[in-house]
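Throughout, numbering of the chain's residues begins at 1 and tracks the sequence.
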Amino acid sequence: ASASSDVYKRQIINRSAHIPIARMIDIGALREQLDHIRSLSLSRGESTWLRGNMFYGKRQMFAPEFIAWLEEFRFPAYHLDRVGDQYELVFEGRWLETTMWEIPALAVIMELHSRAVLKGMGRFELQVLYARAMTRVWEKIQRLKQLPKLRVADFGTRRRHGFLWQDWCVQAMVEGLGEKFLGTSNCLIAMKRDLEAIGTNAHELPMVYAALASGDGALAATPYE
């Protein structure tokens with residue numbers, strides 16, 4: 001990172017190096033998805049939903065200035081190269097903008113990987129596979145349902161099998177868990193299914209403040225800074 005130019009580089013790294021992502025995912029298909037992400041912007045309906053919806057029991061949680069910025073936001077450029085059996089995917093720009101790439105980039109890579117794994121399967125084989133997967137999810141939901149103090153939310157977007165599967169799992173938890181299911185961090189699914197949009201505070205910024213802190217007092221204050 002360069003503090004003087006305010007330009008940062010963020011890179012997606014495959015921690016499971018034994019999985020040859022570059023051999024499984026076509027670079028053209030990956031570029032197509034990443035380019036599509038760069039073309040996205042908030043629709044009028046999505047903006048209205050963010051402005052007026054209830055989050056954590058509070059209406060109009062987001063400042064008008066933030067919503068105005070988000071409406072104009074476009075994902076910054078990326079650099080994609082193949083290095084052996086892996087991809088080198090780098091985002092360069094202002095930290096505020098490059099940090100937005102993490103979730104959609106990972107979600108795209110995961111879904112393209114899922115498609116590659118399933119590519120050689122026939123129609124009936126796929127139907128049986130998903131029927132078994134649905135059964136396993138429902139069995140887990142029934143086991144979880146027995147826990148009296150259970151509160152569970154879906155934070156699975158960046159590591160999901162695919163969008164349609166995540167949407168199905170969320171609907172299954174709504175039906176199977178009732179009020180014990182608190183909502184999803186996927187705003188599109190939350191809006192589509194009339195659910196609470198819920199998430200956690202991203203840990204990247206406090207981690208940087210922690211690295212810059214001098215002394216225990218400053219370290220303890222980093223989450224609040």
Output every pair passing salt bridge (Lys or Arg N to Asp or Glu O under 4.0 Å) with a member in [range], not counting sequence neighbours, ordered by first then second residue.
range: residues 147-169; result: E102-R158, D167-K192, D167-R193
range: residues 20-36; result: R23-D85
range: residues 67-80; result: R51-E71

Listed partners of [X] passing side-chain hydrogen bond (donor to acceptor under 3.5 Å, both in side chains), at least two apart:
X: S43; result: E46
X: T157; result: Q166, N186
X: E97; result: none

Show me the donor-acceptor pairs, under 3.5 Å and distance only, between side chains in residues 108-115 and residues at least two apart or in other chains.
residue	atom	partner	partner atom	Å
E111	OE1	F163	N	3.1
E111	OE2	R115	NH2	3.4
S114	OG	M110	O	3.0
S114	OG	H161	O	2.9
S114	OG	H161	ND1	3.1

Please tabulate, one pair per line, all N/O donor-acceptor pairs under 3.5 Å involving side-chain atoms of residues 207-217, not counting sequence neighbours.
none

Atom pair [atom1] ([X]) and [atom2] ([Y]), whose distance is rounded to the nearest 0.5 Å:
X: N53; Y: T48; atom1: CG; atom2: OG1; result: 11.0 Å
X: Q171; Y: L195; atom1: CD; atom2: CG; result: 9.0 Å
X: H79; Y: Q11; atom1: NE2; atom2: CD; result: 11.5 Å
X: F155; Y: I103; atom1: CZ; atom2: CD1; result: 10.5 Å
X: M61; Y: F66; atom1: CE; atom2: CZ; result: 8.5 Å

Heavy-atom closest pair, residues [X] and [Y]:
X: I198; Y: A153; result: CG2-CB, 3.8 Å
X: V137; Y: C169; result: CG2-SG, 4.2 Å
X: E92; Y: P76; result: O-CB, 4.3 Å
X: C187; Y: A197; result: SG-CB, 4.4 Å

On the 0 to 90° scale, with breaks at 30° and 60°, tag the F55-W49 ring pair as parallel, tilted or perpendicular. perpendicular

By ring pair (Phe, Tyr, Trp, His ring centres under 6.0 Å), Y87 pairs with (sequence neighbours left out) none

What residues form a ring pair (Phe, Tyr, Trp, His ring centres under 6.0 Å) with F75, not counting sequence neighbours? F73, W101

List for me each residue that meets salt bridge (charged side-chain N to carboxylate O under 4.0 Å, His left out) alongside E204, sequence neighbours excluded, and say none if there are none. R10

Backbone N or O of V174 within a donor-acceptor pair of the K180 side chain at under 3.5 Å? no

Pairs involving residues 137-148, ordered by first then second residue, that meet side-chain hydrogen bond (donor to acceptor under 3.5 Å, both in side chains) (sequence neighbours left out): none

